[in-house]
Protein chains: 2
Amino acid sequence: MGYKYNKEDILNVGYDVFRRNGYHNVGINQILKESGIPKGSFYNFFESKEDFAQQVIRQYGETNTDWMKDFFEDCSLSPVECLKSFYSMMMNLNEEDEYSGGCLVNNMSVEVGRQNDLIGSEANQHFIGWLNVLASVIEKGQKSNEITKDFTPLELAEYMHAGFYGVLSRTKVTRNRIYMDIWLEMTFKFIQS
Amino acid sequence: MGYKYNKEDILNVGYDVFRRNGYHNVGINQILKESGIPKGSFYNFFESKEDFAQQVIRQYGETNTDWMKDFFEDCSLSPVECLKSFYSMMMNLNEEDEYSGGCLVNNMSVEVGRQNDLIGSEANQHFIGWLNVLASVIEKGQKSNEITKDFTPLELAEYMHAGFYGVLSRTKVTRNRIYMDIWLEMTFKFIQS
DNA sequence: TAAAATAATTAGACTGTTCTGTTTATATTA
DNA sequence: TAATATAAACAGAACAGTCTAATTATTTTA
């Protein structure tokens with residue numbers, strides 16, 4: 001029989017709270033309240049707020065990479081349709097969430113990515129991991145002549161995903177999915193060969 | 001002879017500090033220290049930190065809109081080349097700044113755009129103002145058959161500028177301009193007819 | 001296997017600092 | 001003189017993080 005609390009549960013609460021409220025706007029007390037653990041337990045598991053945030057990003061990044069890999073492996077459509085379907089799903093999730101969160105990695109990158117090396121590089125690392133997953137799908141699309149060969153898979157992935165984050169961020173103030181929908185249409189019109 | 005301090009000077013300090021450090025990470029005391037004004041004067045001019053931030057965004061938004069209008073009016077190149085030149089300049093500024101700031105409006109949108117209606121809508125409003133300036137240039141490009149007519153000027157502006165913000169945000173963690181350069185190349189390859 | 005020792009976790013009160021914003025008093029300008 | 005600006009002290013809440021102690025789990029020893 002283990003102990004009462006475990007790191008993973010606290011990290012999941014942290015993911016939720018940080019994603020919705022940002023980093024500096026969230027106090028440790030809020031994490032404690034929402035996860036129901038006392039302060040002593042928190043500092044038993046984590047060195048500091050910074051350390052905690054880094055681990056939150058790491059867990060989310062790894063989980064999401066695995067999820068993306070599975071999604072594209074299980075997708076039986078063409079590479080382009082798989083990518084469209086992936087982004088549509090992301091957009092639906094964001095809409096269901098009333099555009100309140102966006103992506104934790106993007107939010108953290110923008111808010112503290114430059115001030116805090118630990119958090120910044122952790123966020124960048126996982127972003128690159130996702131790009132590699134996307135690039136492998138794009139490469140397939142290039143081989144089947146669906147996607148332009150004017151740029152490398154990684155260049156296209158970087159272009160596409162950074163652009164997606166751009167429109168995703170926009171929805172935080174527009175609170176409207178129309179711009180995301182147009183983005184999807186335009187992007188896939190552009191990258192097809 | 002006027003009074004010792006004026007609102008505009010304090011707003012400029014606020015712009016600089018907020019852009020580099022974000023909103024919640026900055027205390028009023030830091031603004032006071034860097035602008036040299038005492039707290040009493042600050043609260044004489046501004047109702048609250050929130051009110052101050054809103055006015056900072058407003059001033060920056062208006063100034064930048066004017067600046068953009070002038071830039072495109074004075075630009076003697078073709079619409080596409082003017083747009084390229086505009087984004088190149090933005091990228092150069094960001095590089096000179098060692099990728100430490102990004103755009104205040106984007107930063108604020110991502111960090112507090114969803115929690116704070118006042119700041120969120122102020123940021124959105126000015127973003128839309130910029131889009132309109134860009135859209136009028138794009139429209140010229142469509143009329144001279146430089147730019148695709150598959151989408152409206154505003155749709156293209158939204159796509160382009162949100163995408164630019166996406167890559168701009170990326171530089172906060174990559175600290176490398178290469179992705180911005182590729183973005184520029186790709187975007188203008190895509191939108192040309 | 002049972003008792004003893006050690007290690008890890010849980011618990012929350014507490015510390016010193018910083019936060020936004022107020023208040024009161026004085027100085028400046030019109 | 002009347003309105004506004006400046007100045008600094010002040011208030012109360014919130015901040016990250018520490019501390020001591022109690023409890024629970026695990027390992028060691030008899």
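Sequence lines set the chain letters: A, B, ... in the order given, protein chains first and strands last, and positions in each chain run from 1. Scope of the values below: all heavy atoms of this structure, side chains included, with no hydrogens, waters or symmetry mates.
Within the structure, a side-chain polar atom (N or O) of B:N29 is placed less than 4.0 Å from OP1 or OP2 of C:dC19.
The residue from B:K49, B:Q59, B:E47, B:E122 that alone fulfils the side-chain hydrogen bond (donor to acceptor under 3.5 Å, both in side chains) condition with B:Q54 is B:E122.
One atom, CZ of A:F52, and another, C1' of D:dG17, lie 15 Å apart when rounded to the nearest Å. Atom CD1 of B:I28 is separated from atom P of D:dA9 by 19 Å (rounded to the nearest Å). Counting to the nearest Å, the C1' atom of C:dT20 and the CG atom of B:D51 are 14 Å from each other. Rounded to an integer number of Å, the gap from CG of A:N25 to P of D:dC15 is 9 Å. Note: CZ (A:F42) to P (C:dT9) measures 15 Å, nearest angstrom. The distance between atom CD of A:E50 and atom C1' of D:dC15, rounded to the nearest whole Å, is 16 Å. In this structure, CD of A:Q30 is placed 8 Å from P of D:dC15, rounded to the nearest angstrom. Between the P atom of C:dC19 and the CG atom of B:L32 lies a distance of 10 Å, rounded to the nearest Å.
Of the candidate nucleotides D:dT6, C:dT20, C:dA11, C:dT20 has the atom nearest to the side chain of B:Y43. Nearest nucleotide to the side chain of B:N44, out of D:dA5, C:dT10, D:dG17: D:dA5. When the nucleotides C:dT20, D:dT6, C:dT10 are ranked by their closest atom to the side chain of A:Y5, C:dT10 comes out on top. Listed nucleotides C:dG21, C:dT10, D:dT18 differ in distance to B:K49; the shortest reach to its side chain belongs to C:dG21.
Ion pair B:E98/A:R114 not flagged as a salt bridge, since none of the NZ, NE, NH1 or NH2 atoms sits closer than 4.0 Å to an Asp/Glu carboxylate oxygen. Using a 4.0 Å cut-off between charged nitrogen and carboxylate oxygen, A:K69 and A:D74 do not count as a salt-bridge pair. Between A:D117 and B:R175, at least one side-chain nitrogen of the basic residue sits less than 4.0 Å from a carboxylate oxygen of the acidic one, meeting the salt-bridge criterion.
Not less than 6.0 angstrom separates the ring centroid of B:F45 from the ring centroid of B:F52. A distance below 6.0 Å separates the ring centres of B:F71 and B:W67.
Annotation for B:K189: atom NZ does not count as buried by contact number, only 12 or fewer foreign heavy atoms lying within 6.0 Å.
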Using a cut-off of under 3.5 Å, enumerate the N/O to N/O pairs linking the protein to nucleotides 13-17 of chain C.
none

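Heavy-atom distances to DNA chain D give each of B:G36 and A:H24 a nearest nucleotide, and the one nearer the 5′ end belongs to B:G36.
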